[in-house]
Structure formats: structure tokens, C-alpha cells
S.K.: 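Below is one structure. I have some questions about it.
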Amino acid sequence: MGTAVTRTSYSQQEVLDAFGITDRKVRSIFLNSAIERRNLTLPPMDSDSVRVSESQGDLLDKHKKLAIEMGAEALHACLKRCGAELSDLRHLCCVTSTGFLTPGLSALLIRELGIDRHCSRSDIVGMGCNAGLNALNVVAGWSAAHPGELAVVLCAEACSAAYTMDSTMRTAVVNSLFGDGAAAVALLAGPGGATPATSEGPTVLKFASCIIPEAVDAMRYDWDRTQGRFSFFLDPQIPYVVGAHAETVVDRLLSGTGLRRSDIGHWLVHSGGKKVIDAVVVNLGLTRHDVRHTIGVLRDQGNVSSGSFLFSYERLLEEGITRPGEYGVLMTMGPGSTIETALVQW
């Protein structure tokens, strides 16, 4: 496991000040978000100390630069933690939703870092905040088919490259929430798909998904004709949509395992926002302690999109409280609208 963020951290008040935002309603969204700080790469200032408006081309350049920088740092940290080298890497899966790159981030990192040109790779683009678990699902399958070979899932989200700066409530919700971050997690299958005894992490047992077609437009990244660039949209009903379907997908995940929700010792949920976390807690009957890492990541990093649940996972590892035999549930949610889950066991 390894993470990285961009260089500068801002409080919510500092972001408001940087863009001269005075509207009371917009300020309230920022200051009541349960977020204290986020890492962001704000636009440069002009001669009058006003933040300039970045074109879509500028934002794509920013995304490429930040994704490579953060991605490389997170990948190095991940490999160092598991005692591996770049030369040991056999599959690299890169996830991003905050910009579009062709060739993909995996190819750019292979060139940038001098990774073996025969390393297989995949890129998951545009799936949103749930995509980290989609990638984990795919790469777990690759790992099972290639026992003993090291794979890494890398989520690199340069959310600073996906902002539209205006005074509308639509953009205020988005601009108050997201932060820059990258997270990498290593996967290795032993004989028969078992987790090697030397691993500090759990075994991935099962995945379950739930897409909510009637809410397909509730979270989206589309073209803002007024601004002349892409921008995110988050429907205010998202927390209720996610909450209403959380039980369904978790029950499906646990079906056939003989486990109940009360048997799950560790919950690593996407830091989608204060109301989203609250909705999951209420509908699954969890406690604030159960989602303490989710809350902590939101407080300190904001929503770092597809890598958020891995930031929580890293905090759990650092806590050092997991015991052999304990179960955990990973949960992400995003456009589709989609909820992804995984069951793991230490």
C-alpha cells in the first residue's frame, strides 16, 4: 500500500479566500462539509493577484503532470512497503476519472519510471469514484491467473484538473469536496490463488456490485457549454440513493458466506462526503467508530475519488489492529449510479 498527494494543502477557508467567494450559501457548503484540509493545485494568479481561468487544454496538461507525479510516488511507496522493486512488477492497472490520456497513464508511467516494457497493463478511465474497486476486481482475477506475479492497482486522481470555477450551486458542491491524491495497492496470489503467508494484507474473497439505472444521471462528468470545459455534477439526492441501496449490495456480498454484518470487523468506505457517509452508517447500522478512517480521510484529504477507500485502508494498516481471521468490507460508490463492494479476510 502506498499513497501520495500534491504539494499544497488548503483549508476550506483558504480556498474560499483564494477565489474571493463571498456568497453565503456557497460559503456554507464549504464550511459545513466536514472537511478541514485538501491538497489542491490551484490556477496561477495574474498581475492583479486574481486566479486565472484555465482552459480545458490547460486542465488536461495539469492532469497529465499531476497524475504522473503522484502516481509515481504512490507506486514507489507501495513497492517499498512490500519489499519489491520496479523490476518485479508484472501488471500495472491505472485508474483515473479526472482527465483523459491516450496513451493511458500506465504507458506513461512505464516510460517515465523505466518499467520493463513487457509489463502487462490496463487503464480504467471515466468510471468515477467507484472505479478503484472495479480495478481491484479485475486485477484480482489477473493475479489468480498468474500466481507469484506482482500486480499493482494505482488510482491517480488530479481533481484540481477537473474544476469549473463559477458562482453556481452546482459547482459549489463539487468545488467544496474533491482533493488531489493517488493510492497504489499491491496484489500477489500464491498457489491456488491463496494469499502468501508473508503478506500484511488480507485475502480478497468476493465482490458484489449494484448499479442503479434510474439514477444514471445523478453523478456525471459532462461538457459545460457555458464554461467551455468538462465539469462534474452531483445530484443533492445522491446520499439517499446510495443509502437506500447499501443494504442490498452488502447482503448480496455476504450471501452464501454464513456471515452477518455484525461479523464484519472492519469497514472501509469511500469518503464520498459527509451526507453519503451518514447515509451508509444509518442504513447499514454501523457506528462512527466503524467508519473512523473514512471520516478521517474526508477530514484531512477531502474526496480523492477512486483512491479514497485505499487511503482508509492505509490508515487501518498503520493502526495495526487487524487479527488473523477477521473480515472486512470495502465499499465504493460513484456514477452509474453504482455501489461496489469486496469482502476480505485477514
S.K.: Counting only heavy atoms not in Lys206 (residues, nucleotides, ligands), do more than 12 fall under 6.0 Å from its NZ?
M.R.: yes
S.K.: State, without any angle test, whether Glu157 and Ser306 hold a side-chain donor-acceptor pair at a distance under 3.5 Å.
M.R.: yes
S.K.: Pairing donors with acceptors under 3.5 angstrom, does anything connect the side chains of Asn130 and Thr332?
M.R.: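 Short answer, no.
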S.K.: With a 4.5 Å cut-off on side-chain heavy atoms, are Tyr327 and Val344 touching?
M.R.: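 Val344 does not reach Tyr327 side chain to side chain.
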S.K.: Identify whether Leu40 and Phe311 are in the same connected component of the hydrophobic contact network (ILVMFWY, side-chain heavy atoms under 4.5 Å).
M.R.: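 Per the 4.5 Å side-chain linkage, Leu40 and Phe311 are not co-clustered.
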S.K.: To the nearest 0.5 Å, what is the distance between CD1 on Ile29 and CG on Leu16?
M.R.: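 Atom-to-atom, Ile29:CD1 and Leu16:CG are 10.5 Å apart.
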S.K.: For Asn175, give me all partners under side-chain hydrogen bond (donor to acceptor under 3.5 Å, both in side chains), at least two apart in sequence or on another chain.
M.R.: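 Checked Asn175 against side-chain hydrogen bond (donor to acceptor under 3.5 Å, both in side chains); zero matches.
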S.K.: With the threshold set at 4.0 Å, does a side-chain nitrogen-carboxylate oxygen contact exist between Lys274 and Asp278?
M.R.: yes
S.K.: Counting the benzene-type ring for Trp, do Trp267 and His293 have ring centres under 6.0 Å apart?
M.R.: no
S.K.: Please tell me whether Leu177 and Val297 are part of a single hydrophobic cluster in this structure, the criterion being side-chain heavy atoms less than 4.5 Å apart.
M.R.: no
S.K.: Rounded to the nearest 0.5 Å, what's the gap from CZ on Arg90 to CD1 on Ile115? Could you check?
M.R.: 11.0 Å
S.K.: Any Lys/Arg nitrogen of Asp251 or Arg260 sitting under 4.0 Å from an Asp/Glu carboxylate oxygen of the other?
M.R.: no
S.K.: I want to check something: taking the side chain as every heavy atom from C-beta on, are Asp88 and Leu79 in contact at a cut-off of under 4.5 Å?
M.R.: no
S.K.: Could you check whether Glu319 pairs with Arg315 (Lys NZ or Arg NE/NH1/NH2 to Asp/Glu carboxylate O, under 4.0 Å)?
M.R.: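 Not counted as a salt bridge, because no side-chain N and carboxylate O are separated by less than 4.0 Å.
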S.K.: Show the numbers, then the answer: is there a side-chain contact (heavy atoms from CB on, under 4.5 Å) between Ile35 and Phe30?
M.R.: CA-CA 8 Å; Ile35 297 171; Phe30 275 75; over 6 Å; no
S.K.: Within the structure provided, determine whether Leu330 and Leu136 are in side-chain contact (heavy-atom separation under 4.5 Å).
M.R.: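 In short, these two side chains touch, coming nearer than 4.5 Å.
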S.K.: Would you indicate whether the side-chain heavy atoms of Cys78 and Met1 approach each other to under 4.5 Å?
M.R.: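 The answer is no; the side chains never approach within 4.5 Å.
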S.K.: Pair Leu101, His63 - check side-chain contact (heavy atoms from CB on, under 4.5 Å), show working.
M.R.: CA-CA 9 Å; Leu101 296 170; His63 171 259; 3.7 Å; yes
S.K.: Any salt bridge between Asp123 and Arg121, counting N to O under 4.0 Å?
M.R.: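 The answer is yes: the pair qualifies as a salt bridge.
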S.K.: Regarding Thr341 and Arg252, is there a side-chain donor-to-acceptor distance under 3.5 Å anywhere?
M.R.: no
S.K.: Any donor-acceptor pair under 3.5 Å linking the side-chain atoms of His270 with those of Ser312?
M.R.: no
S.K.: Do Arg261 and Leu286 have side chains that get closer than 4.5 Å, going by heavy atoms?
M.R.: no
S.K.: Looking at Glu54 and Arg229, is any side-chain nitrogen of the basic one under 4.0 Å from a carboxylate oxygen of the acidic one?
M.R.: no
S.K.: Following the transitive rule for hydrophobic clusters with a side-chain heavy-atom cut-off under 4.5 Å over Ile, Leu, Val, Met, Phe, Trp and Tyr, establish whether Val249 and Ile212 coincide in one cluster.
M.R.: no
S.K.: Check the orientation of Phe178 and Phe232. Use parallel for under 30°, tilted for 30 to 60°, and perpendicular for over 60°.
M.R.: parallel
S.K.: When you check the gap from the basic side-chain N to the acidic O, do Arg170 and Asp222 get nearer than 4.0 Å?
M.R.: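 Yes, charged N to carboxylate O under 4.0 Å.
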S.K.: Only one of Gln301, Glu14, Gln12 forms a side chain to side chain donor-acceptor pair (under 3.5 Å) with Arg37, so which one is it?
M.R.: Glu14
S.K.: Applying ring-ring contact (aromatic ring centres under 6.0 Å, His included) as the test, list every pair that has at least one member in residues 76-112; sequence neighbours left out.
M.R.: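 For residues 76-112: His91-Trp142.
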S.K.: Same hydrophobic cluster for Val304 and Tyr313, using side-chain heavy-atom links shorter than 4.5 Å among ILVMFWY?
M.R.: no
S.K.: What residues form a side-chain contact (heavy atoms from CB on, under 4.5 Å) with Ile68, not counting sequence neighbours?
M.R.: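 In terms of side-chain contact (heavy atoms from CB on, under 4.5 Å), with neighbours along the sequence ignored, Ile68 is linked to Lys64, Leu105, Leu108, Leu109, Glu112.
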